Asks: 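First the structure, then my questions, so here it is.
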Amino acid sequence: MTVFKENENIIEFNVDDDGLLIKEILKDKFNISDRFLKRLERTKSVFLNDSRIKTNKIARKGDKITILMEDETDENVPQPIPIEIIYEDFDLLILNKPPKIVVHPTKSHPDNTIANGVAYYFKQKKIKKKVRFVNRLDMDTSGILVIAKNPFAHQQLAQQFESNIVEKRYLAIVEGIVKDDEGTIKEAIGRCNDVSIKRTVLEDGKVAITNYKVLERYKNATLLEIHIETGRTHQIRVHLSHIGHPIIGDSLYNKPSQLIDRQALHSYSLKFISPRTKERRLVFARLPKDMELLIEKLNG
């Protein structure tokens with residue numbers, strides 16, 4: 001009999017009910033998708049009380065179900081890019097992304113990305129897994145970036161993001177004095193045209209909801225806390241520009257600023273459910289230096 005020890009490759013569940021099929025337990029109790037379940041069945045990666053079994057077997061209360069995920073090879077070139085870790089467990093690596101760095105390689109940025117830095121970190125820690133980003137941030141947006149260490153965690157967190165179970169909050173410094181202490185922007189968003197990356201408010205666009213709260217008012221600017229209920233591309237930037245308070249330094253939806261060389265937007269908190277323990281967790285990412293300096297200038 002094999003005795004497993006939980007790590008990035010191995011996840012264990014205790015069975016609380018009698019007489020259910022293992023596939024029912026994994027799907028209904030632990031929200032494992034049909035696609036991932038088929039992958040586990042194909043690779044014979046499910047065990048009952050440390051013995052490999054098929055998922056159409058019945059489990060009893062007190063049994064232990066184990067999922068074994070194979071080692072993987074990541075395609076990103078490991079590079080010693082500094083990363084600021086704000087949370088880590090067997091399933092997740094959560095970073096505070098600095099501004100002015102791309103998340104993953106592209107044609108125009110083939111290396112020196114966050115993905116290269118995480119691949120290097122995984123290599124140093126002997127974590128033999130692909131770098132799976134659960135969320136994305138624009139190059140010039142700083143803050144919370146979530147990486148899954150295995151396909152189970154990726155599926156679980158991606159599902160939470162898609163279902164708006166996670167609670168994302170941002171800090172934005174906008175032009176002008178926002179009069180209302182708080183408010184909600186409900187305006188659909190779509191592409192300006194087929195060739196532009198720019199988005200705009202459109203009647204036939206996708207539903208988008210942005211809540212804001214004033215934290216501080218300066219001479220001619222306002223610090224806002226933003227809570228988005230949907231995750232449309234450029235949503236915060238489009239909505240704030242639409243109400244006449246574009247983000248300072250946003251060259252796409254506003255104009256370049258002499259006070260900061262990127263949009264003053266920072267993803268600063270995330271509330272989510274741990275894939276393995278099902279506990280609610282809340283993480284914070286400290287404000288980057290350039291936004292701290294911007295606030296000092298606006299106060300000065």
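Just so we're clear, the structure is a prediction, and the values are computed from it rather than from any experiment.
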Asks: Are more than 12 heavy atoms, taken from residues, nucleotides or ligands other than Arg35, located less than 6.0 Å from that residue's CZ atom?
Replies: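 No, because the 6.0 Å sphere around CZ of Arg35 holds 12 heavy atoms or fewer from other groups.
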Asks: Taking NZ, NE, NH1 and NH2 as the nitrogens, is one of them in Glu70 or Lys129 under 4.0 Å from a carboxylate oxygen of the other?
Replies: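 Salt bridge: no.
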Asks: Closer than 3.5 angstrom, by distance alone: can the side chain of Thr113 be matched with the main-chain N or O of Ala115 as a donor-acceptor pair?
Replies: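 Yes, Thr113 side chain to Ala115 backbone: donor-acceptor pair under 3.5 Å.
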Asks: Salt bridge check, Lys27 against Asp34: does any charged N sit closer than 4.0 Å to a carboxylate O?
Replies: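 Between Lys27 and Asp34 there is a salt bridge, with a charged N closer than 4.0 Å to a carboxylate O.
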Asks: Taking NZ in Lys278 as the centre, count heavy atoms belonging to other residues, nucleotides or ligands within less than 6.0 Å. Is the count above 12?
Replies: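 Counting neighbours around NZ of Lys278, more than 12 heavy atoms of other residues, nucleotides or ligands fall under 6.0 Å, so yes.
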Asks: Ring centroids only, cut at 6.0 angstrom: are Phe30 and Phe13 within range, meaning strictly under it?
Replies: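 Here the rings of Phe13 and Phe30 have centres that are less than 6.0 Å from each other.
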Asks: Does Gln156 reach the side chain of Arg276, with side-chain heavy atoms less than 4.5 Å apart?
Replies: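 In short, these two side chains do not touch, never coming nearer than 4.5 Å.
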Asks: Quick one: does Asp18's side chain have a donor or acceptor within less than 3.5 Å of a partner on Arg60's backbone?
Replies: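 Not a single qualifying donor-acceptor pair exists.
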Asks: Does a sphere of radius 6.0 Å around NZ in Lys289 hold more than 12 heavy atoms from other residues, nucleotides or ligands, not counting ones at 6.0 Å or beyond?
Replies: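 Check fails, neighbour count at 12 or below.
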Asks: Nearest heavy-atom pair of Lys130 and Asp74: which atoms, and what distance?
Replies: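 Scanning both residues, the minimum pair turns out to be CA-OD1, 3.4 Å.
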Asks: Any chance CD of Gln124 has more than 12 other-residue heavy atoms, nucleotides or ligands included, within less than 6.0 Å?
Replies: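 Count over threshold, so yes.
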Asks: If you define the side chain from C-beta out and look only at heavy atoms, does anything of Met69 sit under 4.5 Å from Pro151?
Replies: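 They are in contact (side-chain heavy atoms under 4.5 Å apart), so the answer is yes.
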Asks: Would you call Arg217 and Asp181 a salt bridge, using N to O less than 4.0 angstrom?
Replies: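 The answer is yes: the pair qualifies as a salt bridge.
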Asks: Would you mind reporting whether Phe272 and Glu167 have side-chain heavy atoms less than 4.5 Å apart?
Replies: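 Glu167 does not reach Phe272 side chain to side chain.
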Asks: What residues, two or more places apart in sequence or in another chain, satisfy side-chain contact (heavy atoms from CB on, under 4.5 Å) together with Asn112?
Replies: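 Asn112 satisfies side-chain contact (heavy atoms from CB on, under 4.5 Å) with Gln79, Ile81 only.
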Asks: Look at the side chain of Lys97 and the backbone N and O of Thr141, then say whether any donor-acceptor pair between them is shorter than 3.5 Å.
Replies: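 Yes; at least one donor-acceptor contact below 3.5 Å.
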Asks: Which atom names give the shortest non-hydrogen contact between Leu48 and Ile58, and what distance separates them?
Replies: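 The pair with the smallest heavy-atom distance is CD2-O, 4.3 Å.
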Asks: Within the 3.5 Å criterion, strictly below it, is a donor on Asp89 or Tyr87 matched to an acceptor on the partner's side chain?
Replies: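 Yes, because at least one side-chain N or O of Asp89 sits under 3.5 Å from a partner of the opposite role on Tyr87.
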Asks: Could you tell me whether a side-chain N or O of Gln263 sits under 3.5 Å from a main-chain N or O of Ser251, the two making a donor and an acceptor?
Replies: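 Here the side-chain-to-backbone pair does not exist.
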Asks: Under the 3.5 angstrom rule, does the side chain of His234 hit a backbone N or O of His239 as a donor-acceptor pair?
Replies: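 Side chain of His234 to backbone of His239, a donor-acceptor pair under 3.5 Å: no, none is there.
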Asks: So does Lys255 pair up with Glu175, basic N to acidic O under 4.0 Å?
Replies: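 Salt bridge between Lys255 and Glu175, a charged N being under 4.0 Å from a carboxylate O: yes.
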Asks: Is there a donor-acceptor contact under 3.5 Å from the side chain of Asn76 to the main chain of Asn116?
Replies: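 No, Asn76 side chain to Asn116 backbone: no donor-acceptor pair under 3.5 Å.
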Asks: Might you confirm whether atom NZ of Lys186 has over 12 heavy atoms from other residues, nucleotides or ligands at distances under 6.0 Å?
Replies: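 No - once you tally the heavy atoms of other residues, nucleotides and ligands closer than 6.0 Å, there are 12 at most.
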Asks: With heavy-atom distances below 4.5 Å as the criterion, would you say the side chains of Leu240 and Leu224 are in contact?
Replies: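 Yes; the side chains approach each other to less than 4.5 Å.
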Asks: May I ask you to say whether Glu8 pairs ionically with Lys125, meaning some side-chain N is under 4.0 Å from a carboxylate O?
Replies: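 Salt bridge flag = no for Lys125 with Glu8.
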Asks: Please confirm whether the backbone N or O of Asp140 pairs with a side-chain atom of Asp138, one donor and one acceptor, at under 3.5 Å?
Replies: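 Answer holds: no.
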Asks: Can you give me the closest heavy-atom contact between Ile177 and Ala221, atom names plus distance?
Replies: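 Where Ile177 meets Ala221 most closely, the heavy atoms are CD1-O, 3.7 Å.
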Asks: In plain terms, say whether Glu41 and Lys54 are close enough for a salt bridge, that is, a side-chain N and a carboxylate O under 4.0 Å apart.
Replies: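 Lys54 and Glu41: not salt-bridged.
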Asks: Is Asp180 reaching over with its side chain to a backbone N or O of Glu182, donor-acceptor style, under 3.5 angstrom?
Replies: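 Judged by distance alone, no pair lies under 3.5 Å.
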Asks: May I ask you to check whether over 12 heavy atoms, not counting those of Arg281, lie within 6.0 Å of atom CZ?
Replies: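 For Arg281, atom CZ is crowded (more than 12 foreign heavy atoms under 6.0 Å).
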Asks: Spell out, as yes or no, whether a donor-acceptor pair under 3.5 Å connects the side chain of Thr230 to the backbone of Ile209.
Replies: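 Present.
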Asks: Do Thr210 and Gln235 touch side chain to side chain, with heavy atoms closer than 4.5 Å?
Replies: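 In contact.
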Asks: Look at Asp50 together with Lys64 and state whether they make a salt bridge at an N to O cut-off of under 4.0 Å.
Replies: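 Counted as a salt bridge, because a side-chain N and a carboxylate O are separated by less than 4.0 Å.
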Asks: Is it true that Leu287 and Leu259 fall in one hydrophobic cluster, defined by side-chain heavy atoms closer than 4.5 Å?
Replies: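 Result: yes, single cluster for both.
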Asks: Using modelled atom types and a 3.5 Å cut-off, is there a donor and acceptor pairing between side-chain atoms of Arg199 and backbone atoms of Thr233?
Replies: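 Not confirmed, Arg199 side chain does not pair with Thr233 backbone.
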